[in-house]
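Letters go in sequence order (proteins before strands), and every chain restarts at 1. Keep in mind that what you see is a predicted model, and the values were worked out from it rather than measured.
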Number of protein chains: 4
Amino acid sequence: MRTDARRTARPARNAGVTQADDAGPSGVAPRSRREDIIEAAAECFSVAGYDATAMRDIARKTGMLAGSIYYHFASKEEILIAVHEEAVRRIMNHVCAGIDPSASPWDRLLQASANYAEVLVAERKFAEVVVTEFPRRRDDALRAVLVSHRNAFEKVFRDIVDDLPLAPWVDRTLWRLALLSQLAWSVVWYRSKGGKTPAEIAVHMVDLLRRQTEAE
Amino acid sequence: MRTDARRTARPARNAGVTQADDAGPSGVAPRSRREDIIEAAAECFSVAGYDATAMRDIARKTGMLAGSIYYHFASKEEILIAVHEEAVRRIMNHVCAGIDPSASPWDRLLQASANYAEVLVAERKFAEVVVTEFPRRRDDALRAVLVSHRNAFEKVFRDIVDDLPLAPWVDRTLWRLALLSQLAWSVVWYRSKGGKTPAEIAVHMVDLLRRQTEAE
Amino acid sequence: MRTDARRTARPARNAGVTQADDAGPSGVAPRSRREDIIEAAAECFSVAGYDATAMRDIARKTGMLAGSIYYHFASKEEILIAVHEEAVRRIMNHVCAGIDPSASPWDRLLQASANYAEVLVAERKFAEVVVTEFPRRRDDALRAVLVSHRNAFEKVFRDIVDDLPLAPWVDRTLWRLALLSQLAWSVVWYRSKGGKTPAEIAVHMVDLLRRQTEAE
Amino acid sequence: MRTDARRTARPARNAGVTQADDAGPSGVAPRSRREDIIEAAAECFSVAGYDATAMRDIARKTGMLAGSIYYHFASKEEILIAVHEEAVRRIMNHVCAGIDPSASPWDRLLQASANYAEVLVAERKFAEVVVTEFPRRRDDALRAVLVSHRNAFEKVFRDIVDDLPLAPWVDRTLWRLALLSQLAWSVVWYRSKGGKTPAEIAVHMVDLLRRQTEAE
DNA sequence: CATGAATGAGGTTTCATTCAT
DNA sequence: GATGAATGAAACCTCATTCAT
């Protein structure tokens with residue numbers, strides 16, 4: 001039979017790993033614990049996958065114990081959701097940056113694609129979660145949440161592609177998927193392979209699809 | 001993160017060895033228990049992923065108990081290896097079927113690509129394992145085994161691509177990867193979407209890359 | 001079973017000490033935080049049981065956080081003690097109210113029983129804790145505290161029963177237990193069942209026992 | 001990142017606690033593991049309560065590890081259900097034993113009550129679970145199961161009470177509850193108190209209720 | 001007084017694996 | 001070949017408790 005009285009007075013020691021980054025006057029916002037956890041989880045998920053990542057792994061990376069994470073997140077799944085959300089946010093931010101709304105559709109697409117390729121590499125940790133964890137999750141409720149995140153992102157490209165002067169026979173959904181697939185795949189396979197920057201690869205890929213399908 | 005150090009370098013038992021099913025005079029090969037397990041595992045892996053698949057899941061699908069599997073396989077990992085091997089074998093068989101060695105490189109590529117797209121859909125269970133499980137496995141010993149399977153498959157395309165009359169500036173490795181990526185991606189996303197058959201999509205994709213990079 | 005050995009004999013702090021609420025001139029006693037907690041805990045304990053109640057549950061009901069409770073109570077167990085004490089106090093207050101010390105023993109018993117039945121229903125939250133939590137606690141130190149509370153209450157009935165003119169063969173302890181058991185049980189089972197008020201049921205039950213055992 | 005290969009060849013040692021009771025020719029059926037677990041759980045639940053009982057407690061009592069229990073039961077709650085079912089079965093068996101269907105209703109009630117009081121004491125471990133765990137469980141699905149067990153038992157008494165020649169004003173449901181409450185309570189409180197056997201107490205209680213309410 | 005954050009023990013459960021039968 | 005039973009490590013999660021602010 002158990003008693004629940006706590007036994008020993010445990011001093012709340014911050015066990016060595018002082019996450020000291022109280023930015024000070026430099027202006028860099030001190031990352032909250034929640035953000036620390038999301039960052040650590042993204043890294044774990046991208047390296048080992050969601051299933052193979054233990055709460056302890058995430059905790060260790062943030063200098064806490066597994067149980068402590070539950071103060072910030074209700075479950076492991078909620079962390080996945082948060083990571084996925086953050087990933088989409090980062091990708092979107094980067095993709096949309098510096099796009100001139102008054103530019104031609106093709107120029108906007110080129111810019112967005114280059115941005116996308118760049119962020120896929122720059123934020124590979126987060127990007128891989130979106131690319132590789134999402135398709136596997138079968139739980140309906142979870143899936144609905146992830147899809148809702150993803151829709152925000154896809155809309156950016158859908159809007160641009162809808163504006164493109166493509167030949168009438170082109171299935172724009174498939175066309176968009178083909179482009180995004182190629183770009184996304186580069187995250188998984190691209191390992192500083194070859195001399196091209198992500199942006200250059202992106203331009204290349206858009207070009208490929210453009211010549212074929214542009215309306216005359 | 002759980003350390004992945006393989007304790008014993010297990011040589012990929014049976015790797016490359018074709019499990020000769022003694023079909024007998026009837027002609028119809030009675031599937032051995034081993035093959036049943038591989039089939040069941042492929043399905044589980046493709047639906048839930050390797051990590052989320054329990055031995056019990058595989059066992060249930062074959063009508064046995066979890067413990068019984070160990071008569072046929074030494075470990076769960078060996079099942080993954082066997083599934084991966086079988087997947088590559090099936091893909092290869094289909095990809096190479098009906099290719100005329102004396103045809104032009106472009107024709108051979110078209111044929112191989114169409115075959116590839118088809119088998120990715122026809123054998124989705126196995127194909128998904130190759131496409132989605134392989135990149136995640138970080139364990140060196142295991143990875144080496146999977147890579148060795150995959151090399152056999154990639155050689156088919158490498159050989160053809162090497163024969164293609166491409167412009168001198170083209171990185172053939174990247175070119176090949178771009179093609180295979182697009183095709184592979186279709187497994188994950190293709191859900192009888194649009195009216196095109198897998199083969200038609202493949203022809204389309206090859207065409208795209210061809211016009212751009214063919215030597216004059 | 002979790003061993004229940006109390007590490008430190010904690011004297012039941014405040015046991016018996018009436019927490020004088022300084023009502024001030026307004027006359028309406030503002031319920032102190034301590035009383036809020038006791039009230040909330042009683043409700044939780046009665047609904048889910050002591051073991052299944054988390055500090056957080058109690059805290060939420062009072063609009064604080066779990067940690068804040070520890071300013072008012074040293075441990076969860078101390079809350080149980082306080083709830084139990086308060087429960088017995090409320091029951092006693094009600095049971096003794098309006099009993100004429102100069103009335104006949106039977107009349108006093110009837111009055112006390114009716115009062116008891118009433119308070120069991122009126123203060124069900126507290127009553128259930130006494131009725132259902134007490135018998136389960138095996139820890140000796142804790143049990144001693146709870147028993148000491150309870151003795152005060154039992155004395156009321158013991159005194160009355162001792163005055164009753166019962167036949168000499170009657171075991172007065174058993175007789176009292178039978179009566180109290182029936183009454184207490186009604187808390188657990190009584191759900192506005194039937195048309196009788198708690199007081200009517202009490203009268204009925206006393207009557208049953210009376211006819212049988214009254215000395216001639 | 002985890003690997004799941006098991007490290008050490010663990011000999012399946014039965015760790016000292018050999019539950020050797022292979023009855024042999026004596027004819028005593030060797031209790032199955034499932035029955036062992038139910039027995040052990042009943043004891044734990046009756047002593048500490050369901051919530052305060054850890055799977056490890058039950059396991060230790062049967063000489064296994066906590067995880068091993070899950071081969072026999074899917075969850076802790078299923079154990080509670082099984083214990084409750086077994087408890088009701090034992091009680092019913094004892095209550096119904098030796099009742100002459102052709103006897104008068106009052107005789108049948110006397111017999112059943114005496115049997116009931118006896119089994120409550122003889123099988124206190126199981127009886128306490130029914131008496132004290134049942135009323136607390138709020139989960140609807142679980143509650144429905146427990147109620148269904150209990151109904152079988154209550155029917156025995158309901159049938160007898162329905163046959164009794166009681167005064168027309170008597171609420172038979174309440175009457176039955178009063179009797180059963182008194183009897184059940186004796187399990188919790190009865191500690192070889194006084195010189196009466198359980199059966200004698202039961203007869204006494206029935207008698208009390210009888211004189212009052214019997215139709216003339 | 002209260003909060004926010006953390007601790008660490010321990011809870012239930014899962015699961016790859018073993019092995020006698 | 002297969003089963004039944006068990007193991008034990010490790011997973012996710014809960015919770016009483018502490019303490020600086």
Enquirer: Using a 4.0 Å heavy-atom cut-off across all strands, classify Thr53(C) as base, sugar-phosphate, or nothing.
Expert: sugar-phosphate
Enquirer: Could you check whether Thr62(D) and Arg33(D), counting side-chain N and O atoms only, form a donor-acceptor pair closer than 3.5 Å?
Expert: no
Enquirer: Would you mind reading off the distance between Tyr71(C) atom OH and dA16(F) atom C1', rounded to a whole angstrom?
Expert: 20 Å
Enquirer: At less than 4.0 Å, is any side-chain N or O atom of Arg33(A) found next to OP1 or OP2 of dG4(E)? Yes or no.
Expert: no
Enquirer: Could you state the atom-to-atom distance from CZ of Phe73(C) to P of dC1(E) in whole Å?
Expert: 13 Å
Enquirer: Run the salt-bridge test on Asp51(A) and Arg137(A) with the 4.0 Å N-O cut-off and return the result as yes or no.
Expert: yes
Enquirer: Please state whether the phosphate of dT17(E), meaning OP1 or OP2, lies under 4.0 angstrom from any side-chain nitrogen or oxygen of Tyr70(B).
Expert: yes
Enquirer: Please report, rounded to the nearest Å, how far the P atom of dA6(F) is from the CZ atom of Arg60(D).
Expert: 17 Å
Enquirer: Taking both distances under 3.5 Å as the test for a Watson-Crick or G-U pair, what stems of at least three pairs does DNA chain E have?
Expert: E:2-21 with F:2-21
Enquirer: Please give, in whole Å, the distance from dA9(F) P to Arg56(D) CZ?
Expert: 12 Å
Enquirer: Would a 4.5 Å heavy-atom cut-off, applied to side chains only, mark Thr53(A) and Val47(A) as touching?
Expert: no
Enquirer: Would you call Phe45(D) and Ile58(D) a side-chain contact if the rule is heavy atoms closer than 4.5 Å?
Expert: yes
Enquirer: Does any part of the side chain of Ile38(C), heavy atoms only, come nearer than 4.5 Å to the side chain of Phe73(C), both counted from C-beta?
Expert: yes
Enquirer: Which residue lies toward the 5' end of DNA chain F, Gly67(A) or Gly67(B), if each is placed at its nearest nucleotide?
Expert: Gly67(B)
Enquirer: Which whole-number value in Å describes the distance from Tyr50(D) OH to dT12(E) P?
Expert: 8 Å
Enquirer: Please give, in whole Å, the distance from dA10(F) P to Asp57(A) CG?
Expert: 12 Å
Enquirer: Taking only the side-chain heavy atoms of Ser68(C) (C-beta and beyond), determine which of dT7(E), dA2(E), dA16(E) contains the nearest atom.
Expert: dA2(E)
Enquirer: For Glu43(D) and Lys61(D): C-alpha separation, side-chain torsions, deciding distance, then whether side-chain contact (heavy atoms from CB on, under 4.5 Å) applies.
Expert: CA-CA 9 Å; Glu43(D) 192 160 336; Lys61(D) 261 207 171 58; 3.5 Å; yes
Enquirer: Is the phosphate of dA2(E), meaning OP1 or OP2, less than 4.0 Å from a side-chain N or O of His72(C)?
Expert: yes
Enquirer: Over how many whole Å does the gap from Leu65(D) atom CG to dC15(E) atom C1' extend?
Expert: 14 Å
Enquirer: Starting from P on dT7(F), measure out to CE on Met64(D) and report it in whole angstrom.
Expert: 6 Å
Enquirer: Name the residue closer to the 5' end of DNA chain E, choosing between Ala54(B) and Ser75(D) according to the nucleotide with the nearest heavy atom.
Expert: Ser75(D)
Enquirer: Report yes or no: is the cationic atom of Lys76(C) (NZ for Lys, CZ for Arg) under 6.0 Å from the centre of the six-membered ring of Tyr50(C), at an angle within 45° of the ring normal?
Expert: yes
Enquirer: Could you check Met55(D) against Ala66(B) and say which one's nearest nucleotide on DNA chain E is further toward the 5' end?
Expert: Met55(D)
